[in-house]
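Report on the structure given below.
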Protein chains: 2
Amino acid sequence: MKIRTIDWDKNSIKIIDQTKLPNEFNYIYLKDIKQLFAAIRSMKIRGAPALAAAGALGVVLAAYNIRRKKPGQFIKELLRVIDYLSTSRPTAVNLFWGLERMKKVIEANKNNKAEVLKSALLSEGRKIMQEDRIACRKMAKAGSRLIKNGDRVLTICNAGILATIDYGTALGVFYQAKKEKKQFRVFACETRPLLQGARLTTWELSKNHIDVTLICDSMAAVLMSEKKIDKIFVGADRIARNGDTANKVGTYNLAVLAKWHRIPFYVVAPLSSFDNNIKTGRDIPIEQRSCREITHSYFKKPIAPSGVKVFNPAFDVTGHELITAIITEKGILRFPDR
Amino acid sequence: MKIRTIDWDKNSIKIIDQTKLPNEFNYIYLKDIKQLFAAIRSMKIRGAPALAAAGALGVVLAAYNIRRKKPGQFIKELLRVIDYLSTSRPTAVNLFWGLERMKKVIEANKNNKAEVLKSALLSEGRKIMQEDRIACRKMAKAGSRLIKNGDRVLTICNAGILATIDYGTALGVFYQAKKEKKQFRVFACETRPLLQGARLTTWELSKNHIDVTLICDSMAAVLMSEKKIDKIFVGADRIARNGDTANKVGTYNLAVLAKWHRIPFYVVAPLSSFDNNIKTGRDIPIEQRSCREITHSYFKKPIAPSGVKVFNPAFDVTGHELITAIITEKGILRFPDR
């Protein structure tokens, strides 16, 4: 089954509405920037590498929609859109990286006609997507070398096809290992509150015939204590200069458990997830999301008393000392002491 | 608000249907053993100490319902009911302890008339409930000494009023601390899959004016790394001779995190939760429950693809080396090295 997480189609951004998975698989077309902003914020599209493309295609979409085509006005409007999109979600650095790439195209074309700039922006958006495709396959090949026959691997959230253009970071490693005919099985943490592990990861792994077992986040420790997990692979939303990694909340928990049980813990992420402006994980902004994600979303009825206080960070930071290695498209970065 | 988790009323067992909380608060009357068995298995009534009472009152209920009153037949029938109830759930030892107490009453009255035995069973059932009430208050007083002003404490599942006759084990400690006018706040892990933390613990703590914040299970690690948790208090379903403790799945995860972050980890449980027949936690039977608890229960629609494999242990075992102390009605049991 061919899944296309995000694409440019019919002068619109075409995405899968991921909030509806696994019960409904629908493509939707985002026709203006407000629709895109809402889709990013509500996580119809999510995943750090996919957000780089979403940001970049957002600038293309704006360029197609802006009526005032005087170069100065056109560029001013595009820069305003970039500022606006950069407020949609704060943690994944790839979004800003994608927008930054588009800014450079605007700068390079500042003396050109709007039509020329528009076309340059679309070609840059497509290039970003193509680069992600290639990066994912390179990470997958590098990571797959770590998978041995018989391995039981654990992952959290969705770092797969649905989080990238079309292959995945952590899950890409599994797709490659499968391609190489390795025998292994995956345990997927359901990933509360929005259940990306249950809804998205088990869905795409099953579609691709990978043996997957769903667990609640709190059950990973049981598997580890029973020596049923050999390796852990996760994605990343932002990596600081020292290797500290922000990823979906629950990742840090797994990393501590992995250290305690002496299980290798791998981060799989493209170089676009590295933020060289940030020295350590302490400086990574962590998005706090609505209480209702925990108490209401996906439930028939609220699962907590009305008005209860809730703490809902969307991400956490795993210190580099808990990470065995980071797998990128340029190879495996090992910490010297590990 | 007076909450009565379980009671003998109108020749029936009166319980709160806990599966409906927090949206509906209803008492239901269990009029025969099959209804009781179903209520235990579906967790309308749950919590280790409450299950001791449920088992004991189940024998009373049987005694009231049995028509054949010839002593031999009557006792044979009662013993059959005890065997049947002991298959309702495997992990909490309190259920077996409660049934064992009733067996002794049967033994002691084997030469008496059915009516005498019936009345002895009811009085034993009431005694078990009264003992639990007293034990909870003693544990609460012992445990409350560990709570300091300003403490931020964490708990999982529901070890409160709803898990006992009427005061709680871990949450009883908080009720007592509140009574002593201590200032503290509680973080409650939602406790997937059946959300006893979200549905029951925040509900009963709020009703009793205790400052409570709900988190997903995977977020406890974030709070600990930010030094926002001072102590952890949990209940127990079965404690082996060496102190290894089975409790709701997720407890072992918290205990590892607590050790890693150097946070005291306390188990609060009555002596009826100790199983002296069992040497270590490895021998505690762990209940595996339905996949649908993870993929379907409480959700509007299934949250995972149909047919996905699921691992759903209802409990896990925390090694005694991770436990700072066990708080019982006879005082605080500290491990020599801690």
Side-chain angles (χ1 to χ4, degrees), chain A residues 21-23 156 187-193 195 197-199 202-203 206-207 211-225 248-257 259-261 286 291 294-295 298-313 316-317 319, chain B residues 21-23 156 187-193 195 197-199 202-203 206-207 211-225 248-257 259-261 286 291 294-295 298-313 316-317 319:
Chain A
L21 286 170
N23 296 297
I156 186 169
F187 289 90
C189 291
E190 62 172 3
T191 318
R192 282 283 289 147
L195 299 160
R199 296 189 303 104
T202 69
W203 181 79
S206 301
K207 292 265 173 234
D211 181 343
V212 60
T213 301
L214 174 65
I215 60 169
C216 294
D217 304 321
S218 60
M219 294 167 186
V222 179
L223 289 172
M224 292 189 214
S225 78
K248 178 55 55 196
V249 68
T251 302
Y252 169 66
N253 188 349
L254 292 183
V256 171
L257 292 172
K259 190 64 136 186
W260 182 261
H261 296 92
I286 297 297
C291 300
I294 294 182
T295 56
Y298 296 106
F299 295 113
K300 280 179 218 154
K301 294 180 179 178
I303 53 111
S306 152
V308 71
K309 283 198 282 189
V310 173
F311 172 60
N312 184 17
D316 59 26
V317 174
Chain B
L21 286 171
N23 297 298
I156 186 169
F187 288 90
C189 291
E190 63 173 3
T191 319
R192 284 282 289 148
L195 299 160
R199 296 189 303 102
T202 71
W203 180 80
S206 301
K207 293 264 172 235
D211 182 343
V212 60
T213 300
L214 175 64
I215 60 170
C216 294
D217 304 320
S218 60
M219 294 168 186
V222 179
L223 289 171
M224 293 188 212
S225 78
K248 179 52 55 194
V249 68
T251 302
Y252 169 66
N253 187 351
L254 292 182
V256 171
L257 292 172
K259 192 64 137 188
W260 182 262
H261 296 92
I286 298 297
C291 299
I294 294 181
T295 56
Y298 296 108
F299 296 112
K300 278 179 220 154
K301 294 179 181 178
I303 53 111
S306 152
V308 72
K309 281 199 281 190
V310 173
F311 172 60
N312 183 18
D316 59 25
V317 174

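Since this is a predicted model, take the numbers as computed values, not measurements. In what follows, every chain begins at residue 1, and chains take the letters A, B, ... in the order their sequences are listed.
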Query - Region of B:Pro305 in contact with chain A, defined by heavy-atom distances below 4.5 Å - result: both
Report task. Check each atom of B:Val249 against the heavy atoms of chain A and say whether the ones under 4.5 Å are side chain, backbone, both or neither. Result -> both
Requested in this report: Go through B:Val222, B:Val310, B:Leu223 and name the one with the most non-hydrogen pairs under 4.5 angstrom from chain A.
Outcome: B:Val310
Query raised in the report: Do you know which of B:Leu21, B:Val212, B:Ile286 has the most heavy-atom pairs under 4.5 Å to chain A?
Result: B:Val212
Report summary line: chain A shares the most heavy-atom pairs under 4.5 Å, among B:Pro313, B:Gly197, B:Ala198, B:Ala188, with B:Ala198
Query raised in the report: With only heavy atoms counted, which part of A:Ser306 is less than 4.5 Å from chain B, the side chain, the backbone, both or neither?
Result: neither
Report summary line: Note: B:Phe299 and A:Lys300 closest approach over all heavy atoms is O-CE, 3.0 Å
Report summary line: Assert top hit (heavy-atom pairs under 4.5 Å, partner chain B, pool A:Leu195, A:Thr191, A:Thr202) equals A:Thr202
Query - Gap between atom CG of B:Asp217 and atom SG of A:Cys189 - 0.5 Å precision - result: 11.5 Å
Query raised in the report: Atom OG in A:Ser218, atom CG in B:Leu254: separation rounded to 0.5 Å?
Result: 8.5 Å
Report summary line: Heavy atoms of B:Glu190 and A:Ile303 approach each other most closely as OE1-CD1, 4.4 Å
Query raised in the report: Under a 4.5 Å heavy-atom cutoff, which of A:Cys291, A:Ser206, A:Pro193 has the most pairs with chain B?
Result: A:Pro193
Requested in this report: Find the one option among A:Thr295, A:Ile215, A:Asn312, A:Val256 whose heavy-atom pairs under 4.5 Å with chain B are most numerous.
Outcome: A:Val256
**Report entry** Considering all heavy atoms, the nearest B:Ala304-A:Pro22 contact
**Finding:** C-CG, 3.7 Å
Requested in this report: With rounding to the nearest 0.5 Å, note down the distance linking CG in A:Leu257 to CG in B:Leu257.
Outcome: 5.5 Å
Report summary line: Okay, A:Asn23 and chain B: the region with an atom under 4.5 Å from a heavy atom over there is side chain
Query raised in the report: Going by the angle between their ring planes, with limits at 30° and 60°, are A:Tyr252 and B:His261 parallel, tilted or perpendicular?
Result: perpendicular
Query - Region of A:Val308 that comes under 4.5 Å of a non-hydrogen atom in chain B - result: side chain
Requested in this report: Take B:Met219 and A:Ile294 through the test side-chain contact (heavy atoms from CB on, under 4.5 Å) and record every step on the way to the result.
Outcome: CA-CA 11 Å; B:Met219 294 168 186; A:Ile294 294 182; 4.0 Å; yes
Requested in this report: Using the test side chain to side chain contact (heavy atoms under 4.5 Å, CB included), find all partners of B:Thr251 that sit at least two apart in sequence or belong to another chain.
Outcome: B:Ile156, B:Val234, B:Asn247, B:Lys248, B:Phe265, B:Asp316, B:Thr318
Query raised in the report: Based on non-hydrogen pairs under 4.5 Å, which of A:Cys216, A:Gly250, A:Gly319 is most in contact with chain B?
Result: A:Cys216
